[in-house]
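We name chains A, B, ... by the order of the sequence lines, and we start the count at 1 in each one.
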There are 2 protein chains.
Amino acid sequence: MPEAQYPEIRALGLFAEMAEANFLSLMRGAYVQNFPPHIELISEGEPSDFLHVVLSGSVDLFSTWNGRDTSLATVRPISTFILAATVKNAPYLMSARTLEKSRIVLIPSQDVRAIFDVDGSFARAIVTELAQCYRSVIKAQKDLKLRTSLERLANYLLRYQKRAGGAAAFDLDFEKRRLASVLGMTPENLSRAFKGLQPYGVTVEGTRIAIADQADLERFARPNPLIDDHST
Amino acid sequence: MPEAQYPEIRALGLFAEMAEANFLSLMRGAYVQNFPPHIELISEGEPSDFLHVVLSGSVDLFSTWNGRDTSLATVRPISTFILAATVKNAPYLMSARTLEKSRIVLIPSQDVRAIFDVDGSFARAIVTELAQCYRSVIKAQKDLKLRTSLERLANYLLRYQKRAGGAAAFDLDFEKRRLASVLGMTPENLSRAFKGLQPYGVTVEGTRIAIADQADLERFARPNPLIDDHST
DNA sequence: ATGGCGGCTTGACAAATATCAAGCGATCCG
DNA sequence: CGGATCGCTTGATATTTGTCAAGCCGCCAT
């Protein structure tokens with residue numbers, strides 16, 4: 001892959017501290033690829049040949065069973081996905097598809113495992129990354145098991161608002177049907193859930209969401225850092 | 001803690017490969033404690049002072065929000081819990097309570113982090129453990145989002161049967177109300193779900209479960225290694 | 001033994017959620 | 001400019017799940 005892109009990868013927590021020689025060795029086997037929207041990058045059950053790094057665009061991690069499917073997470077730049085499968089040399093548990101045009105680095109999994117075996121800094125960085133991922137899924141699990149769909153939506157909107165800069169109005173930059181899937185409900189029920197939040201000052205016009213009174217919505221949503229703060 | 005117990009801890013994947021000196025250093029700060037049943041060991045939100053290792057008994061990991069609560073996992077000997085919080089030096093995301101009389105090792109988190117910084121083997125072992133935990137939660141998440149409660153119960157019984165030795169009849173060694181919570185339903189609905197599995201040959205008498213025709217139940221349950229095989 | 005107590009089950013009912021069908025309103029393309 | 005397509009919304013209805021109340025049963029302690 002072109003050396004021009006090394007710095008932005010090197011800047012990732014995962015690669016920042018490792019020995020230069022090992023980093024270069026990883027990069028030598030890696031390559032960057034541009035994908036159009038809606039391309040399936042990997043399928044669950046396949047062997048984990050590559051660690052993926054999203055440089056631009058976004059990727060949907062989803063899973064299928066018995067004719068149903070569900071979105072489990074969205075990967076945004078700049079971060080990696082399927083690290084756990086790579087280090088365990090186990091099959092992917094989720095499939096991945098681009099949501100939009102995306103630039104993605106592919107690093108052969110065996111290289112990652114080889115360097116991981118010899119570079120303690122890299123191993124420690126992987127620990128931090130995995131611990132972060134683990135805690136995020138636990139939070140998602142709590143969200144799903146402890147809250148109703150209306151509460152999940154309310155808290156999602158509050159998180160999204162914060163990430164979008166905190167303004168009272170903001171745009172959803174992806175399809176509502178995906179949001180429904182992420183939140184564990186049907187698109188029809190998402191529509192109704194938005195209506196159900198009107199009494200708390202939420203208005204929707206197309207992709208534009210407005211929160212009239214944040215404190216009011218929070219009184220209903222009861223956000224909790226142990227579920228909603230995805231930075232710790 | 002008594003040196004007599006070092007070997008069984010040392011035998012854990014997490015501690016097997018690390019340098020002897022570092023292992024001893026970890027053990028020096030650790031201590032074993034016996035807990036009666038139904039004791040809350042840790043509460044979510046607290047700082048993660050200790051890495052826990054269950055030597056005997058069993059521990060329920062659960063979480064609470066807005067007056068509701070849910071069981072997220074059961075820890076059985078010999079394994080650790082709250083490793084992620086320990087390495088990230090972040091608050092616990094789950095509470096833990098003993099289900100029965102349990103012997104538990106407490107290792108100060110700061111010792112774990114200190115050794116983790118200097119012992120590459122230990123760091124690598126932590127990676128493997130965390131990757132395993134991560135993948136388990138992803139599987140639980142898929143189970144919850146892709147299956148109905150009846151399907152979850154059916155697959156749970158098949159997994160439990162396999163773990164209990166594969167016999168057609170076996171005993172549930174914990175309360176059904178906990179099973180209901182683990183499966184994300186109410187005790188009342190668990191009762192009804194058991195009845196709903198009767199047409200597939202499942203019979204229940206107290207804690208005793210019998211699966212008349214495993215193939216029949218599997219036709220309904222459609223177990224999938226990417227959800228139900230917790231060993232990879 | 002026997003009187004509570006707790007967990008489990010059952011039934012009736014309520015609430016939440018999914019499904020099905022139809023219509024609306026953008027956008028894309030011939 | 002139609003006309004088709006696709007995602008979203010809405011209403012009607014079915015299914016699933018939760019809630020409440022009552023009763024059952026085994027267990028423990030007096």
Measure the distance from [atom1] on [X] to [atom2] on [N] and round it to the nearest whole Å.
X: Leu144(B); N: dT17(C); atom1: CG; atom2: C1'; result: 15 Å
X: Asn189(B); N: dA16(C); atom1: CG; atom2: C1'; result: 12 Å
X: Met185(A); N: dA15(C); atom1: CE; atom2: P; result: 20 Å
X: Leu190(B); N: dT9(C); atom1: CG; atom2: C1'; result: 11 Å
X: Lys176(B); N: dT10(C); atom1: NZ; atom2: C1'; result: 13 Å
X: Lys195(B); N: dT9(C); atom1: NZ; atom2: P; result: 9 Å
X: Lys145(A); N: dA16(C); atom1: NZ; atom2: C1'; result: 18 Å
X: Glu205(B); N: dC8(C); atom1: CD; atom2: C1'; result: 14 Å

Thr186(A) side chain N/O closer than 4.0 Å to the phosphate oxygens (OP1, OP2) of dA18(C)? yes
Keeping [X] on the side-chain end and [Y] on the backbone end, is there a donor-acceptor pair under 3.5 Å?
X: Ser71(B); Y: Arg178(B); value: no
X: Asp228(B); Y: Asn224(B); value: yes
X: Glu151(A); Y: Thr148(A); value: yes

Parallel, tilted or perpendicular, judged at 30° and 60°: which one describes the rings of Tyr92(A) and His52(A)? perpendicular
Nearest-nucleotide pick for Arg177(B), side chain only, options being dG7(C), dT10(C), dT19(C): dG7(C)
Run the salt-bridge test on Lys142(A) and Glu44(B) with the 4.0 Å N-O cut-off and return the result as yes or no. yes
Go through DNA chain D in 5' to 3' direction and return only the first and the last nucleotide with some atom under 4.0 Å of chain B's heavy atoms. dT17(D) to dC20(D)
Check for me whether the distance between the ring centres of Tyr200(A) and Phe220(A) falls short of 6.0 Å. yes
Residue whose closest nucleotide on DNA chain C lies nearer the 5' end, Glu188(A) versus Ser149(A): Ser149(A)
Distance under 6.0 Å and angle within 45° of ring axis: Arg222(B) vs Trp65(A): no
On a plain distance test, is the side chain of Glu175(B) in donor-acceptor contact with the base of dC8(C) below 3.5 Å? no
